Amino acid sequence: MFLKSFRYIFGTVDFIIDSKSTERFLNLIKKSNIKIFNIKKYEDFLQASVIFYEFEDIKSYLLKHNIILKIKNKSGFPYLLQKYYKRVGIILGIFCFSLTLYVLSMFVWSININCNMNLDENEVKNIAKEVGLYSGILKKKIDVKSIEKEIELRLHESSWVSVNIDGSVANIMINSKLDPPEIVQNNNYCNIKATMDAQIIAIRVFKGTAQVKNGDAVEKGQLLVSGEIEDVFGEKYFVHAQAKAIAYTKHEYKDKIDYNQKIIERTGKKKIKKNLNLFGLNIPILYTKGLSENYEKEEKTKIFKIASFDLPINLSDEIWFETIENIKCFSKEEILNEAEKRIDEYKNNNLKDVIIIKEDKNNKFVDDNYVIEETYYCQEDIALEEEF
Amino acid sequence: MHIFIVSEGVKNVKKKKKSDKMYYIEKAIGVPPGVISKCTHVEMNGNREVIIEGFKSILQYEENLIRISTGKMIVSFSGRKLSIKCLSINSLIIEGFITDVKFIT
């Protein structure tokens with residue numbers, strides 16, 4: 001393989017001579033210090049090959065000794081060059097192609113993100129762009145170590161980040177961080193107070209002295225468990241009070257939904273703006289005028305790929321929808337659905353860790369409004385640690 | 001299988017030529033023949049290839065027979081489809097199916 005490549009690069013000439021002078025020819029060649037190879041004898045002639053740059057020497061040398069050789073075949077790179085020497089276009093084309101390839105290989109055209117956690121790729125790409133790694137940047141300008149550090153600092157969920165430049169592809173690898181459990185500070189002294197008005201059902205004291213008993217009604221901010229303890233000898237000392245105070249509580253939710261509401265609607269008219277992103281350069285294909293504030297934008301980007309490899313070419317469509325502000329009159333069903341949605345939202349936000357025992361609903365239509373008045377009787381922990 | 005043959009040993013002890021003296025020196029100090037003296041080196045790779053270094057001339061080149069002169073003797077290789085793979089000032093490579101090797105002194 002190596003020998004064949006070497007011969008192709010330097011070029012070879014296959015020639016033939018008359019079979020009568022075979023031995024004489026071989027001995028002359030030996031004396032001349034010219035290397036020949038692939039010497040094969042046939043009935044009428046002898047065939048041999050010589051490297052391109054030694055052919056003229058061998059030819060003139062044999063002519064002196066009255067041996068005439070005939071060229072059978074020429075092959076290799078020098079002959080290919082000779083063949084296409086006059087075709088300037090092809091040579092220029094090859095040169096331009098090589099130059100383009102070389103210039104393009106100096107840039108990063110694609111960014112791949114591999115991470116073992118649920119991260120939005122676009123978010124990581126945006127961070128990478130902010131810290132100086134984006135499609136179309138010169139590879140020389142990339143400071144891998146600082147980029148790795150910056151990404152790691154900005155992504156709080158990551159434990160380590162590595163950036164590898166592989167040809168024109170930048171591979172960003174992100175490993176997730178395992179947060180250690182939060183350490184509860186027990187060193188400081190504190191009391192337990194009530195978070196809201198309630199009636200105590202059960203109070204479980206782990207540390208401290210209980211100031212209320214089961215069945216007591218308490219107000220918001222009232223002391224439930226004191227951090228002061230008196231031992232059997234009558235000595236007093238302070239602790240970090242710990243307790244659970246399960247109590248009956250009451251939550252109220254009031255809201256009002258208007259029949260007539262302002263909504264922003266799409267008129268149906270739209271304008272499309274197309275951009276071709278070629279090697280980091282944005283080229284507008286379709287340009288639209290007259291885009292004011294009354295338009296909503298939707299963007300779709302199509303990235304061209306070869307197998308799983310992203311090409312530095314993408315087509316983005318910006319669709320601008322015309323919008324108008326209308327006053328819409330909702331139907332009863334729509335109002336009820338909206339009310340249900342709001343109540344669910346309230347429960348999810350405020351009554352998440354609470355057991356609802358009883359619900360009083362007093363929802364009604366009043367004039368042009370739907371009034372929500374709901375009361376929830378619950379059971380929950382009202383203990384809140386407060387330092388002193 | 002590789003076979004190494006260093007030819008041109010003792011031909012005529014009485015004449016005591018320079019090469020013969022060298023041969024005895026080599027024998028005395030216990031080095032292989034050809035280290036100090038100049039002689040032809042023949043290396044065979046099975047019966048498919050022969051590398052000859054330090055030959056004088058090619059006497060006969062046929063498809064079935066190749067005869068090489070090494071100065072003091074003639075080495076002839078018989079076989080089928082014999083050809084010279086490479087030829088340079090000092091060495092040559094013969095390839096083909098070698099069936100017989102003869103040293104004619």
Side-chain angles (χ1 to χ4, degrees), chain A residues 1-62 64-65 67 69 72-73 75-76, chain B residues 2 7-8 38-104:
Chain A
M1 185 68 194
F2 171 74
L3 203 66
K4 277 186 181 176
S5 311
F6 175 82
R7 283 173 185 168
Y8 182 81
I9 291 162
F10 285 94
T12 56
V13 184
D14 300 338
F15 60 89
I16 52 171
I17 58 154
D18 191 17
S19 67
K20 287 172 188 173
S21 52
T22 306
E23 284 82 16
R24 192 172 152 244
F25 160 76
L26 292 173
N27 289 321
L28 282 168
I29 290 292
K30 183 195 174 301
K31 282 174 193 171
S32 69
N33 197 15
I34 296 168
K35 286 167 193 164
I36 59 169
F37 48 89
N38 294 340
I39 307 151
K40 280 171 190 169
K41 190 169 182 186
Y42 298 96
E43 279 185 18
D44 303 330
F45 60 88
L46 180 118
Q47 187 185 315
S49 304
V50 68
I51 291 288
F52 165 69
Y53 60 81
E54 284 185 332
F55 180 67
E56 284 305 317
D57 298 342
I58 203 170
K59 197 179 171 185
S60 55
Y61 179 73
L62 291 176
K64 282 180 197 171
H65 295 89
I67 297 172
L69 55 85
K72 197 186 174 190
N73 186 30
S75 60
Chain B
H2 295 270
S7 67
E8 292 185 23
K38 282 182 183 176
C39 57
T40 311
H41 188 94
V42 182
E43 186 181 330
M44 285 187 77
N45 293 324
N47 68 336
R48 298 298 169 94
E49 193 180 71
V50 185
I51 302 160
I52 305 162
E53 284 174 20
F55 75 102
K56 294 284 176 198
S57 62
I58 298 162
L59 300 175
Q60 197 177 350
Y61 181 30
E62 299 291 338
E63 205 187 7
N64 302 325
L65 177 71
I66 295 174
R67 286 167 69 226
I68 311 288
S69 167
T70 63
K72 287 181 181 174
M73 64 175 154
I74 294 161
V75 190
S76 80
F77 299 94
S78 315
R80 302 191 305 274
K81 293 179 183 174
L82 297 179
S83 68
I84 298 172
K85 194 178 170 186
C86 185
L87 174 70
S88 70
I89 190 162
N90 198 34
S91 62
L92 67 86
I93 301 168
I94 298 168
E95 66 174 6
F97 294 91
I98 300 157
T99 53
D100 190 19
V101 184
K102 278 180 189 169
F103 295 91
I104 305 152

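Fair warning: this is a prediction, and the values are worked out from it, not measured in the lab. To find a chain, count down the sequence lines: A is the first, B the second, and so on, and within it residues start at 1.
For chain A, the nearby parts of B/Gln60 are the backbone and the side chain; heavy atoms of each come within less than 4.5 Å. For a residue to count as touching a neighbouring chain, one of its non-hydrogen atoms must lie under 4.5 Å from one of that chain's; by this rule A/Ile34 touches chain B with the backbone only. Neither the backbone nor the side chain of B/Ile93 comes within less than 4.5 Å of any heavy atom of chain A. With a 4.5 Å cut-off on non-hydrogen atoms, B/Lys81 does not touch chain A at all.
Between A/Ile29 atom CD1 and B/Ser88 atom OG the span is 11.5 Å, to the nearest 0.5 Å. Rounding to the nearest 0.5 Å gives a distance of 10.0 Å between CD of A/Glu23 and OG of B/Ser57. Distance check, rounded to the nearest 0.5 Å: NZ of A/Lys41 to CD1 of B/Ile84 gives 10.0 Å.
Between A/Ile39 and B/Ser83, the shortest heavy-atom contact is O-CB, 3.4 Å. Residue B/Ile58 comes nearest to A/Asn27 through the heavy atom pair N-OD1, 2.6 Å, listed as atom of the first residue, atom of the second, then distance.
Listed by sequence position, B/Tyr61, B/Glu62 are the residues of residues 61-68 of chain B in contact with chain A, using a 4.5 angstrom heavy-atom cutoff.
With hydrogens and angles disregarded, a donor-acceptor distance shorter than 3.5 Å links the side chain of A/Lys30 to the backbone of B/Ile89.
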